[in-house]
Undergrad: 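Can you keep this structure in mind? I'll have questions shortly.
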2 protein chains.
Amino acid sequence: MFISIDFNSDEAIYMQLCDQIIRAIAIQELREGESLPSVRQMADEIGINMHTVNKAYAILRKDGFLKLDRRSGAMIAIDLDKIKALSELDESLRPVIARAICKDVSKEEAIAMVEKIYKEYGGSID
Amino acid sequence: MFISIDFNSDEAIYMQLCDQIIRAIAIQELREGESLPSVRQMADEIGINMHTVNKAYAILRKDGFLKLDRRSGAMIAIDLDKIKALSELDESLRPVIARAICKDVSKEEAIAMVEKIYKEYGGSID
DNA sequence: CCCTATGTTATAGTAAGTATAGAACATATA
DNA sequence: TATATGTTCTATACTTACTATAACATAGGG
């Protein structure tokens, strides 16, 4: 599987799970319509509790990355609310950029880094 | 003061404090060499406990934004470790950009937003 | 020298969040 | 009917967040 949890990390397990699933979608390792392991399967594979996986899945559904169904399990289904996506991006970028500015990171350097990461993530979107 | 805490937020108070102080530095509302209120003064002004402020100050020192002194209080002192700053920026941007890509936010849109925020934060650095 | 203010540390308590465990439920599928 | 699904419930242990007192060494002002 594409999931690897760092149990020594200060980041919560369910958050690591969310981030890694989202990353897998971004690099198209997971595609629209594909199914994820059930909460119990995923929990067994990773070696964590079912409820921790369930929490991650519930957040991913709330944030518009998954649709959960009692019969077909968890399926990738992106909710493309562009307005919301942009405002969330804005909110996430602000504190990150504030830190960068304090450390004398120029606008050009920051943009170069964004471009680098976009390329790394497959360049599926230009 | 430039600090306003949202007590209903799910973000920890000491984290809100850190973010707002860093933002104030970024927009040059606080400048190198300036002093912040003492942990006790700041705690009184905001209406929170001394230790919560102390925790925020300690993190800001660790991350190279402040220097703390027993006599002169807390003073803005940016540690310009560019390598570290860039690697931290990289690490922070990754999950944010992964989310954006999933939501079909193009590279150009993301870069435009970075430019917008840089301009908002004063354009002191181009 | 005394008093005050500084950051710092220690202890303790409450509340909330994280992760675990076991059990049960309704429902859809094979 | 039997199985597997997400979902919900209760319960426990642990960690973190926040508050509350108290104390300490040290530097500066009067």
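Quantities reported herein were computed from a predicted structural model and do not represent experimental measurements. Protein chains get the first letters and strands the later ones, always in sequence-line order, with residue 1 at the start of each.
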Undergrad: Taking 4.0 Å as the cut-off, does a side-chain nitrogen or oxygen of S38(B) come that near to OP1 or OP2 on dA5(C)?
TA: no
Undergrad: Spell out protein contact along nucleotides 14-21 of chain D as letters: B when the base is contacted, S when just the sugar-phosphate is, - when no protein heavy atom is under 4.0 Å; keep the 5' to 3' order.
TA: ---SSBBB
Undergrad: OP1, OP2 of dA5(C) versus side-chain N and O of Q41(B): anything below 4.0 Å?
TA: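 It does not, given that no N or O in the side chain of Q41(B) lies less than 4.0 Å from OP1 or OP2 of dA5(C).
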Undergrad: Once you round it to whole Å, what is the distance between P of dT26(D) and CG of L68(B)?
TA: 18 Å
Undergrad: Do any pairs count as a salt bridge (charged side-chain N to carboxylate O under 4.0 Å, His left out) and have a residue in residues 85-95 of chain A, sequence neighbours left out, and if so which ones?
TA: D90(A)-R94(A), D90(A)-K116(B), R94(A)-E120(B)
Undergrad: Side chains of D6(A) and E11(A): closer than 4.5 Å at any heavy-atom pair?
TA: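 Side chain of D6(A) against side chain of E11(A), heavy atoms only: no contact under 4.5 Å found.
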Undergrad: Can you check whether R40(A) has a side-chain N or O nearer than 4.0 Å to OP1 or OP2 of dT3(D)?
TA: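 No, outside the criterion.
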Undergrad: Rounded to whole angstrom units, what separation is found between the CD1 atom of I59(B) and the P atom of dT8(C)?
TA: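 Rounded to the whole Å, the gap is 13 Å.
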Undergrad: List in chain and number order the residues that pass side-chain contact (heavy atoms from CB on, under 4.5 Å) with V96(B), two or more places apart in sequence or in another chain; answer none if no residue qualifies.
TA: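 Testing V96(B) for side-chain contact (heavy atoms from CB on, under 4.5 Å), a comparison that skips the adjacent residues, returns L89(A), S92(A), L93(A).
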Undergrad: If you round to the nearest 0.5 Å, how far is CE of M42(B) from OG1 of T52(B)?
TA: 12.0 Å
Undergrad: Stepwise, does the side chain to side chain contact (heavy atoms under 4.5 Å, CB included) test hold for I76(B) with F65(B)?
TA: CA-CA 6 Å; I76(B) 309 291; F65(B) 294 95; over 6 Å; no
Undergrad: Nearest whole Å is fine: how far is dT6(C) P from M75(B) CE?
TA: 14 Å
Undergrad: Please report how far the helix from dC1(C)-dG30(D) to dA30(C)-dT1(D) bends, comparing the axis fitted to its first five pairs with the axis fitted to its last five, to the nearest 10 degrees.
TA: 20°
Undergrad: Under 4.0 Å between a side-chain N/O of N54(A) and OP1 or OP2 of dG6(D), yes or no?
TA: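 Negative; the distance criterion is not met.
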Undergrad: Tell me who clusters with I83(A), hydrophobic residues only, linked when side chains sit under 4.5 Å apart either directly or through other members.
TA: none
Undergrad: Is there a path of hydrophobic side-chain contacts, each under 4.5 Å between heavy atoms, that joins L80(A) and M75(A)?
TA: no
Undergrad: Nearest-Å distance, OH (Y57(B)) to P (dG7(C))?
TA: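 After rounding, the reported distance stands at 8 Å.
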Undergrad: If I take atom CG in residue D44(A) and atom P in nucleotide dA21(C), what distance separates them, rounded to the nearest angstrom?
TA: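 Computing the D44(A):CG to dA21(C):P distance gives 11 Å.
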Undergrad: Among residues at least two apart in sequence or on other chains, which ones pass side-chain contact (heavy atoms from CB on, under 4.5 Å) with A56(A)?
TA: Y14(A), L17(A), C18(A)
Undergrad: Without decimals, in angstroms, what is the distance between L66(A) CG and dT7(D) P?
TA: 10 Å
Undergrad: In terms of side-chain geometry, is the basic nitrogen of E29(A) or R23(A) positioned less than 4.0 Å from the acidic oxygen of its partner?
TA: no
